[in-house]
J.: 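Here it is, the structure, as structure tokens.
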Amino acid sequence: MRAADPVGASAGALTSTFVRIKLSLLRNGLRQSSGRTAVFVISIVFALLFAAGQLLGLVLLRGHAQAATLAVLLTGVTALGWAVMPLFFPSGDETLDPSRLVMLPLRAGPLVRALLVASLVGIGPLFTLCLVVGAGVSVAHGGFALAVALPAVPLVLLVCLALARAVAAANIRLLTSRKGRDLALLSGLVVAIGIQVVNFGAQRLGQAGGLSRLEPAADVVRWVPPAAAVGAVDSASRGAYGTAVAQLLLTVVALAGLLYWWQRSLTKLMTAPDGSTVAAAGKDGDRKRSGAGAGWARLLPEGRTGAVVQRALRYAWRDPKAKSGWVTALALGLIVPVFNAAQGTGSVYWACFAAALLGTLMYNQFGQDTSAFWIVAMTISSKRDAYLELRARALALLLVTLPYATLVVVVTVAVLGDWGALAEGLGLSYGLLGAMLGVGAWASAFLPYSIPQDSAYKNAAPGQGGLAWGSMMGGMLLAVVLGAPLIGAVIWTHVASVSPWVLLPLGAAWGALLVWTGLHLAATRTYRRLPEILAAVSKA
């Protein structure tokens, strides 16, 4: 009697097995804690309510002149969300990681079919199905359109699922690496920025004609799968039968292409060696990596200053938490003032928001080193050593923050069309940036605290939350107080009709003075209380 061959197992049995595995993963995940179960149930309730409201809204939109525009664009945005979901949330669904299956005796073809069917289980597919059904109902008029809508709705859902799976399979090496974890850590920022962009776009639409302005975009998106399937229903409703068939066939071809790409990625993943099974790049590659950055490093001064600047910039690039802070400050520092200026509600003073955010990166400098700070502490044997260390860290920040703050002011002024306020904006930004850096150095020495590395969401060790809040909030309040003379100078230029260009050198000089003072005060404290600082930042 022939032994059972798992490779030749029937596709139906394999599919049912994977569906049961998906259900078991969901069920076992909920059993971990009552809190997780409550969160999952609440998420389902809100997702279903939102999906039902969206479905009802699209159905009520039936017959509206812009129904097709909204339905097509919503479908396109939903597909885009499915495409980027595995890149930003790689750990949100364990079944998105096909590397867990590489040791099983399974062929890529049956595996693709089984995973595709198992992907139908979840809140995301149900939400997408409700949206697509509503989109189809809102644009379907007539018997032929209804006939086109019947295959179009499941086609859209399958394309979205296949797109997410294909992207995940093609990028799984990245998603399970350190860079992938960095990407996941920054996903919250991307979502927040996306919400701001959508909010800004909605306001602009409301001020300038509504959905009719989106018709040119919808005309393009209706030929991009899977939105092309909804476009096919709309074309059938308008009597363009040939166009409807072409758009539907285009979606079918896209689904076939995604399945082929997914299968090829799985085959490569299950047969090709990776970094864990083959040797590293070798000595030549090591030499290239060690020489990376040698060009810009030669521009730095020799000695301790150059070494500390290089170390600080490498931390900002490689450490996930440091990178998250940098990207948040850089992105929001530009978005907030520019968006306010574009909406007509901003002023040049909003440009100082970038300097304030970037200045917070100077706070808790020693805590950012975590327990590795003891290596730095061994090199500090005098007040001058402490001063050089802090000065180099401030210089590393200034290499990025100073030109970026200048760029934000220039862009904000350009959007406002008020070039007369350029000097005033630059002077205030430079003064505020100097105040934040000087106070940040002082807070780093007087209120140091440890930053846990075992959690992406904890920014202070247990028992040090008060230190973290005191350092940040108290330091920012002190920076505002120190910037009061510069604010007084701004008022003086307006009252006395003095040229605002005097504020540019005043702001730069005042900022430089505050940085110099803060560094010297912090250096004295660092040298005298070095053991206490080391104990504080090394706390588990």
Side-chain angles (χ1 to χ4, degrees), residues 51-83 112-113 116-117 119-120 124-167 201 205 209-263:
Q54 194 167 235
L55 173 61
L56 180 61
L58 287 170
V59 171
L60 294 177
L61 200 63
R62 179 182 172 87
H64 192 277
Q66 305 299 328
T69 299
L70 181 61
V72 168
L73 291 178
L74 275 179
T75 306
V77 171
T78 301
L80 179 61
W82 277 98
V112 164
R113 291 191 293 270
L116 183 62
V117 176
S119 301
L120 295 171
L126 179 60
F127 178 84
T128 304
L129 180 62
C130 292
L131 184 146
V132 178
V133 169
V137 172
S138 66
V139 298
H141 302 280
F144 186 75
L146 181 60
V148 174
L150 290 177
V153 169
L155 265 178
V156 173
L157 180 59
L158 291 176
V159 168
C160 289
L161 295 175
L163 180 60
R165 296 285 170 167
V167 170
L205 287 174
L211 290 173
S212 60
R213 293 179 60 86
L214 294 177
E215 288 184 358
D219 291 338
V220 176
V221 176
R222 69 175 58 247
W223 286 97
V224 178
V230 177
V233 180
D234 179 56
S235 298
S237 300
R238 293 185 286 105
Y241 303 130
T243 302
V245 172
Q247 290 171 321
L248 198 62
L249 288 177
L250 182 62
T251 308
V252 173
V253 172
L255 177 60
L258 288 172
L259 293 176
Y260 177 75
W261 178 31
W262 184 9
Q263 181 175 336

J.: Nearest heavy-atom pair of V224 and V220: which atoms, and what distance?
T.: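 Here V224 and V220 meet closest at CG2-O, 3.6 Å.
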
J.: Rounded to the nearest 0.5 Å, what separates atom CG in L74 from atom CD in Q54?
T.: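 Separation between the atoms: 6.0 Å.
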
J.: What heavy-atom pair brings S119 and P125 nearest, and what distance separates the two atoms?
T.: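 Result for this residue pair: O-CG, 3.1 Å.
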
J.: Would you give the length of the straight line joining atom CG of L131 to atom CG of L126, rounded to the nearest 0.5 angstrom?
T.: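 One finds 11.5 Å between CG of L131 and CG of L126.
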
J.: Between atom CG of L157 and atom CG of L120, what is the distance when rounded to the nearest 0.5 Å?
T.: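 The distance works out to 6.0 Å.
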
J.: Please report the closest heavy-atom contact between A162 and L116, naming both atoms and the distance.
T.: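 Taking A162 first and L116 second, the nearest heavy atoms are N-CD1, 4.1 Å.
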
J.: So how far is it from T69 OG1 to R222 CZ, rounded to the nearest 0.5 Å?
T.: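 Atom-to-atom, T69:OG1 and R222:CZ are 6.5 Å apart.
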
J.: Of all the heavy-atom pairs spanning W223 and A228, show the shortest one and how long it is.
T.: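 Scanning both residues, the minimum pair turns out to be C-CB, 4.1 Å.
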
J.: Roughly how far apart are L163 CG and W262 CH2, rounded to 0.5 Å?
T.: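 These two atoms lie 11.0 Å from each other.
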
J.: With sequence neighbours excluded, tell me which residues meet side-chain hydrogen bond (donor to acceptor under 3.5 Å, both in side chains) with S237.
T.: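 With sequence neighbours excluded, S237 shows a side-chain hydrogen bond (donor to acceptor under 3.5 Å, both in side chains) to no residue whatsoever.
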
J.: For residues V72 and D219, determine if any side-chain heavy atom of one lies less than 4.5 Å from a side-chain heavy atom of the other.
T.: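 The answer is no; the side chains never approach within 4.5 Å.
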
J.: With sequence neighbours left out, which residue pairs that include part of residues 235-249 fulfil the salt bridge (Lys or Arg N to Asp or Glu O under 4.0 Å) condition?
T.: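 Matches after skipping sequence neighbours: D234-R238.
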
J.: Could you pull out all donor-acceptor pairs under 3.5 Å where a side-chain atom in residues 133-141 meets a protein atom, sequence neighbours excluded?
T.:
| residue | atom | partner | partner atom | Å |
| --- | --- | --- | --- | --- |
| S138 | OG | G134 | O | 3.3 |
| S138 | OG | A135 | O | 2.7 |

J.: With A236, which residues qualify under side-chain contact (heavy atoms from CB on, under 4.5 Å), at least two apart?
T.: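 So A236 forms a side-chain contact (heavy atoms from CB on, under 4.5 Å) with F144, A145, V148, A244.
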
J.: If every non-hydrogen atom of V230 is compared with every non-hydrogen atom of A71, which pair is closest and at what distance?
T.: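 Between these two residues, the closest heavy atoms are CG1-CB, 4.0 Å.
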
J.: Who passes side-chain contact (heavy atoms from CB on, under 4.5 Å) against L155, sequence neighbours left out?
T.: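 Result, side-chain contact (heavy atoms from CB on, under 4.5 Å) vs L155: L248, T251, V252, L255.
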
J.: Residues in side-chain contact (heavy atoms from CB on, under 4.5 Å) with A240, at least two apart?
T.: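 If we apply the side-chain contact (heavy atoms from CB on, under 4.5 Å) test to A240, skipping adjacent residues, the hits are S235, T243.
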
J.: Would you compute the distance between atom CG of L73 and atom OG1 of T78 and round it to the nearest 0.5 angstrom?
T.: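 Nearest 0.5 Å value for the CG-OG1 distance: 10.5 Å.
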
